[in-house]
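In what follows, a structure is listed as C-alpha cells, so that the remarks can point back to it.
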Amino acid sequence: MSGLEQQYVQEVFASNWIAPLGPQVDAFEQEFCAVTGAKYALALSSGTAALHLALRLTGVGPGDEVLVSTLTFSASVNPIIYEGGRPIFIDSEQESWNMDPGLLEETLAARARAGKLPKAVVVVHLYGQSANLEPIMAACQRYGVPLIEDAAEALGATYRGKAPGAFGKAGIFSFNGNKIITTSGGGMLVSDDKAFIDHARKLATQARDPAPHYQHSEIGYNYRLSNILAGVGRGQLAVLADRVQARRDNFAYYEEMLGHLPGIQFMPEAPWGRHTRWLTVLTIDPAQFGVDREVVRLALEAENIEARPVWKPMHLQPVFGSYECVGGQVAEAFFRDGLCLPSGSSLTAEERGRVAQIVRQAHK
Ligand SMILES: *Cc1c(COP(=O)(O)O)cnc(C)c1O
C-alpha cells in the first residue's frame, strides 16, 4: 500500500457508502480510463469475472471455439469453459513469449476454410509485456473475430505507446493480491464500446432490468467491486508508475548480476513497447549453466526464498488435456527452463542481493 488508500477508504466510511457501487467505484473507473486510454471501464470483483463477462457478451456458447494463448494462468481459460466453449491453445513466439501471430493467422485461415470460425480470440499479455498486437489485430479483423485482451498481468505496460488491454473489443485487468497494483481482489473490464460496457454492468449487477420492481430478462451475476475496495484501487492507481519503476529496477539488478552467466537468458523486452517486469523471469539452459532450473529453485527454497516455474502451459494441464493445441513446443521450453525470481515492488536491495548470490552459487 502507498498510504493514499486510507484517505479514500476514510471517505467511504464518512459517506457510509458500503456497497458494490458508489462514488469511489465511479471515480476508480474514470481514473482507470485516463490511465489506460480506454473509453469505458467497469470495476468488478475479479479479473476472471471480467473475462467471463467479455466472453459472454461476445456470444461464446456451447461448442464454440475460442483461440487462447497456451502459456498463461488457468483463469484465462476457465471462463471459456463456464460458457460451454472449447479452448484451442496457441503457442508462444520467442520474441515476447506471448501468442505467436503467425500461428494465430494460420489457425484462423484453416478454420475459415473449414467453414467454422472461432467466436473469439483471447490474447494474454504475459508477465508485464504486451503481445505483438498489430498482426494479431489484423488477423482478427481479416476474419471478423473479436479480440479480447487478458491484460491481468500487464497494467502499466505499453504497445507502441498505448496500454495493452485497450486495443481489442474488450480488455480485462486484475487487482488480485499478487498483481502490480492490488485491491486485495478485484478486476476491470474495458472497452471503447459503450453498449458493451453498459450491458456488462447490467449482467454484473444480477441483470436487473430498468424497472422499479425487481425484473429480470436474462441471467446475471454478482460481480461488482465494493466501494471500499475501489477506494484502495484509486490509491494504488496513483502509484502505478512507481510500482513499474520498482519492478524494472529489480529486473535491471538481476540482469546486471546474473546476465553474464552461461545459459541464463532473461525474458526479452520486445521492441514494440515497455515491459513492466511485473515479474523478472529467466530461462536456464542446464547444458551451459551446469544445473537445471529446478536445482536453482530448490536452492532458493532451502534459503526460504520462494521462486516459481514459469506458468505450466494450458495444453499440458490435466483439466485441459483433451483440447487441441497449435504448436506448443515453444511454451513447453519456457515452462521447462523458466524461473520467476522474487519481484515484489517492496523488495529491498539486501533481499535482491541474497537471491542473486544463491543463483550465482548454483552455477557449476
Ligand atoms: C491473475 C490473472 C487472471 C485472473 O485475475 P483474478 O483477478 O485473479 O481473477 C487472469 N489472467 C491472468 C493472465 C492472470 O495472471
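Values in this document were obtained by computation on a predicted structure and should not be read as measured data. Along the sequence shown, residues carry numbers from 1. In each ligand, atom 1 is the first atom listed, and ligand 1 is the first ligand listed.
Note on ring orientation: taking the six-membered ring where Trp is involved, the planes of Phe32 and Phe175 are perpendicular (angle over 60°, cut-offs 30° and 60°).
For Glu31, the salt bridge (Lys or Arg N to Asp or Glu O under 4.0 Å) test picks out Arg234, with sequence neighbours left out. Listed by chain and number, the residues in a salt bridge (Lys or Arg N to Asp or Glu O under 4.0 Å) with Arg354 amount to none (sequence neighbours excluded).
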Ligand 1: which protein N/O atoms lie under 3.5 Å from its N/O atoms?
unit_1: ligand 1; atom_1: 5 (O); unit_2: Ser174; atom_2: OG; d: 3.2
unit_1: ligand 1; atom_1: 7 (O); unit_2: Gly47; atom_2: N; d: 2.8
unit_1: ligand 1; atom_1: 7 (O); unit_2: Ser174; atom_2: OG; d: 2.7
unit_1: ligand 1; atom_1: 9 (O); unit_2: Gly47; atom_2: N; d: 3.3
unit_1: ligand 1; atom_1: 9 (O); unit_2: Thr48; atom_2: N; d: 2.9
unit_1: ligand 1; atom_1: 9 (O); unit_2: Thr48; atom_2: OG1; d: 2.5
unit_1: ligand 1; atom_1: 11 (N); unit_2: Asp150; atom_2: OD1; d: 3.3
unit_1: ligand 1; atom_1: 11 (N); unit_2: Asp150; atom_2: OD2; d: 2.7
unit_1: ligand 1; atom_1: 15 (O); unit_2: Glu153; atom_2: OE2; d: 2.6
unit_1: ligand 1; atom_1: 15 (O); unit_2: Lys179; atom_2: NZ; d: 3.3

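Applying the side-chain hydrogen bond (donor to acceptor under 3.5 Å, both in side chains) test to pairs two or more places apart or on separate chains, those with a residue in residues 326-344 are His315-Glu332.
Note on Lys202 versus Asp198: no salt bridge recorded, every NZ/NE/NH1/NH2 to OD/OE distance being 4.0 Å or above. Checked for salt-bridge contact, Lys169 and Asp192 miss the test: no charged N lies under 4.0 Å from a carboxylate O.
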